[in-house]
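A short worksheet on the structure shown next.
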Amino acid sequence: MAIERVGFVGLGIMGGPMAANLLKAGFRVTVWNRSPRRMEPLLELGASGAASPAEVAAASEVTVSCVTNSPDVEAVALGPGGIAEGAGPGSAYIDCSTISPGVAREVAAELAKRGIDMLDAPVSGGDVGAKAGTLAIMVGGEPAAFERCLPVLQGMGKTIVHVGPAGSGQVVKLCNQVAGGLNLLALAEAVSLARKAGVDPAKMLEVVGAGAAGSWMIQNLGPRAIAGDFAPGFMVGLMQKDLRLVLAEAAETDTPLPGTALVSQLFAVLQAEGRAGDGTQALVDVLRRLGGGED
Ligand SMILES: NC(=O)c1ccc[n+]([C@@H]2O[C@H](COP(=O)([O-])OP(=O)(O)OC[C@H]3O[C@@H](n4cnc5c(N)ncnc54)[C@H](OP(=O)(O)O)[C@@H]3O)[C@@H](O)[C@H]2O)c1
């Protein structure tokens with residue numbers, strides 16, 4: 001039977017627009033957010049509000065979450081008033097947060113005991129992709145649960161790939177952060193050299209971005225970076241959270257990731273300066289100062 005009722009827990013930069021797109025796709029959507037003010041725009045669009053993740057799950061066939069890190073997923077899924085308390089057997093839970101693959105496997109195993117299917121389905125595409133409904137979604141879990149939940153995933157994203165059993169979606173997301181982090185460093189170094197050598201960085205990005213070195217980072221974050229617009233799409237603090245997850249997985253699997261370790265150390269400069277809330281494009285400032293420039 002087609003899924004009609006979808007719940008959403010965690011209406012932040014990503015979750016807010018993802019929930020709005022589920023409404024646009026025609027689902028009946030019930031929402032909850034820890035800070036209630038973030039529920040208001042969704043209620044205005046026609047969502048129903050709930051008092052806890054358990055209430056969201058009780059009202060929904062499929063519940064989606066997009067919260068910050070592993071302990072937050074454990075809290076909203078398994079904690080008091082959590083999704084497991086309200087979800088019936090046969091329902092499904094899709095977690096779109098970026099968390100540890102090991103924790104994703106543990107939560108899936110705990111929910112399976114109660115007859116609830118879980119998919120780990122982290123996303124890529126930033127605030128821009130969340131609003132446009134064009135996210136790339138990498139999904140781990142049982143193939144049958146993936147097939148059943150596909151219409152919900154299609155309401156939030158465009159490229160949706162089932163990549164393996166529970167935890168695999170998170171592993172692929174960590175691979176995404178390796179490539180994304182190094183692309184950010186490439187952008188920051190290219191801007192740094194253009195500035196130091198007296199070339200307009202906007203002209204440089206216009207042509208470099210159209211050639212073989214082009215990237216999502218250059219296209220979407222390049223203009224913000226050179227304009228000094230450091231409002232977050234994706235916050236430095238969240239990137240560091242992800243890079244810590246990457247380096248932990250690398251340690252566990254004996255995978256050398258020298259470039260990623262360097263990117264993480266450069267972001268640590270911004271964190272030490274109290275700029276964890278800036279967007280990741282602020283990496284250009286670190287490179288600028290390494291080159292003797294001022295902010
Ligand atoms: N922003 C991006 O470009 C991007 C791209 C891909 C993936 N992601 C991933 O998506 C996830 C969300 O990122 P975001 O940018 O949307 O962050 P955000 O704007 O900070 O939103 C985080 C959301 O999680 C909620 N939350 C956190 N801890 C919680 C807890 N213990 N219990 C209940 N709710 C909790 C927050 O509630 P409050 O409102 O009460 O704080 C908020 O709704 C992260 O895992 C991030 O790594 C982000």
Side-chain angles (χ1 to χ4, degrees), residues 7-21 31-42 47 49-57 63-85 94-101 103-104 107 120-139 156-159 169-170 172-181 183-184 216-217 219-221 224 230-246 267 276-282:
F8 211 106
V9 169
L11 306 167
I13 289 179
M14 297 298 284
M18 288 161 74
N21 282 332
V31 297
W32 176 82
N33 194 71
R34 182 176 58 182
S35 320
R37 67 179 166 77
R38 273 182 148 162
M39 290 167 60
E40 282 160 23
L42 276 302
S52 67
E55 256 191 39
V56 171
T63 301
V64 185
S65 67
C66 191
V67 294
T68 309
N69 204 351
S70 309
D72 308 310
V73 170
E74 289 173 315
V76 300
L78 304 175
I83 289 160
E85 273 183 21
I94 303 174
D95 177 43
C96 294
S97 326
T98 303
I99 67 166
S100 141
V103 171
V107 175
D120 49 294
V123 301
S124 174
D127 56 331
V128 182
K131 285 183 197 137
T134 55
L135 293 168
I137 313 185
M138 37 225 100
V139 190
M156 304 184 289
K158 196 168 154 202
T159 304
Q170 296 296 351
V172 172
K173 174 66 189 187
L174 298 186
C175 299
N176 183 81
Q177 298 311 74
V178 169
N183 273 321
L184 266 167
W216 188 96
M217 294 300 172
Q219 217 62 43
N220 290 277
L221 297 187
R224 298 191 211 179
F230 299 132
F234 188 55
M235 286 181 271
V236 168
L238 284 180
M239 185 62 165
Q240 281 294 67
K241 179 259 302 179
D242 290 358
L243 294 177
R244 275 193 291 272
L245 293 170
V246 168
F267 275 118
D278 279 6
T280 47
Q281 66 274 24

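In each ligand, atom 1 is the first atom listed, and ligand 1 is the first ligand listed. What you see below is based on every heavy atom in this structure, not just the backbone, and it leaves out hydrogens, waters and symmetry mates.
- Leu245 CG to Gln170 CD: the interatomic distance, rounded to the nearest 0.5 Å, is 8.0 Å.
- Not counting sequence neighbours, the partners of Asn33 by the side-chain contact (heavy atoms from CB on, under 4.5 Å) test are Leu11, Ser35, Arg38, Met39.
- Just one of Asn183, Leu184, Val128 meets the side chain to side chain contact (heavy atoms under 4.5 Å, CB included) condition when paired with Leu221; it is Leu184.
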Are there any protein N or O atoms under 3.5 Å from the N or O atoms of ligand 1? List them with distances, or say none.
from, atom 1, to, atom 2, distance (Å)
ligand 1, 1 (N), Gly233, O, 3.1
ligand 1, 16 (O), Ile13, N, 3.2
ligand 1, 16 (O), Met14, N, 2.9
ligand 1, 19 (O), Ile13, N, 2.8
ligand 1, 28 (N), Asp72, OD1, 3.3
ligand 1, 31 (N), Asp72, OD1, 2.9
ligand 1, 39 (O), Asn33, ND2, 2.9
ligand 1, 39 (O), Ser35, OG, 3.4
ligand 1, 39 (O), Arg38, NH1, 2.8
ligand 1, 40 (O), Arg34, NE, 3.1
ligand 1, 40 (O), Ser35, N, 3.0
ligand 1, 40 (O), Ser35, OG, 2.4
ligand 1, 41 (O), Arg34, NH2, 3.0
ligand 1, 43 (O), Leu11, N, 3.2
ligand 1, 43 (O), Gly12, N, 3.4
ligand 1, 43 (O), Asn33, OD1, 2.6
ligand 1, 45 (O), Val67, O, 3.0
ligand 1, 45 (O), Thr68, O, 2.8
ligand 1, 45 (O), Thr98, N, 3.0
ligand 1, 45 (O), Lys241, NZ, 3.1
ligand 1, 47 (O), Lys241, NZ, 2.8

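- Under the 3.5 Å distance criterion, the side-chain polar atoms of Lys173 are matched with a main-chain donor or acceptor of Val123.
- In this structure, the side-chain hydrogen bond (donor to acceptor under 3.5 Å, both in side chains) partners of Ser97, at least two apart in sequence or on a different chain, are Asp95.
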Show which side-chain atoms of residues 233-243 pair as donor or acceptor with protein atoms under 3.5 Å away, not counting sequence neighbours.
from, atom 1, to, atom 2, distance (Å)
Gln240, OE1, Ser264, OG, 3.4
Gln240, NE2, Ser264, O, 3.0
Lys241, NZ, Thr68, O, 3.0
Lys241, NZ, Thr98, O, 2.8
Asp242, OD2, Gln177, NE2, 2.8

